[in-house]
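To start, the structure under review is shown below, and the notes come after it.
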Amino acid sequence: MTTPFRYPDGPHQRLHGPRGYASYESYRPWLRDEFAFRCVYCLTREAWGPFTGVYALDHFVAASLRPGRRDRYDNLLYACVSCNLIKGSRRTPDPTAVLLAPGVHVTADGMLHADSPQAARRMELVGLNRPRLREFRELWIRIVQLAAVAEPDLYRRLLSFPDDLPDLQRLRPPGGNTRPAGITASHLARRQAGALPATY
Ligand SMILES: [Zn+2]
């Protein structure tokens with residue numbers, strides 16, 4: 001069974017490299033694809049909510065601290081508005097380098113655990129064990145477990161990729177794309193090639 005709150009096994013290597021958009025909002029389709037349609041901090045998925053208005057483009061190094069980095073793609077993360085607000089403009093360890101399995105893991109009661117001081121600090125700064133979030137995780141773990149046993153179609157829908165995968169091939173970033181090979185590894189390209197798993 002796919003577990004809904006499993007963090008990546010290794011540090012994230014950027015897949016895409018769009019450059020030159022006048023507004024950082026234009027990076028959104030790239031970031032959705034880059035971070036698999038879920039918040040890099042709490043792993044809340046697009047499929048579990050109303051989606052519109054739920055996700056922010058998070059500046060890893062806050063725009064107020066380093067204005068020159070405001071629009072640089074590699075400084076942007078895909079995060080839910082809740083985690084983005086809690087993080088604010090604090091300097092924190094890179095979540096894509098420290099929130100990693102198996103050291104960081106969620107138990108059936110929804111609690112998140114970390115076995116490294118860096119990851120624990122990251123969790124604390126973004127409030128990853130805030131009571132409402134712990135409860136949210138516990139509920140989803142139980143829902144997914146029930147669906148896995150009793151409702152295979154529901155289970156698949158809860159853990160599938162979104163239907164509206166961005167077509168990055170059609171986008172033309174003004175400053176080009178420093179990692180063009182990422183297009184063929186994008187979720188849409190993998191779905192079209194029959195290589196995208198049904199759940200994740
Ligand atoms: Zn989040």
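Order of listing sets the numbers, starting from 1, for every ligand and every atom in it.
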E25 bridged to R28 by N-O distance under 4.0 Å: yes
Listed once per pair and sorted, the ring pair (Phe, Tyr, Trp, His ring centres under 6.0 Å) pairs that draw on residues 88-112, sequence neighbours left out: H105-H113
Within less than 2.8 Å of the Zn ion (ligand 1): protein N, O or S atom count: 4
Test: R179 and D74 ion pair at under 4.0 Å: yes
Ring-face cation contact, F161 with R191, 6.0 Å cut, 45° max: no
Atom CD of E138: over 12 foreign heavy atoms under 6.0 Å: yes
Distance-only donor-acceptor check, side chains H187 and D33, under 3.5 Å: yes
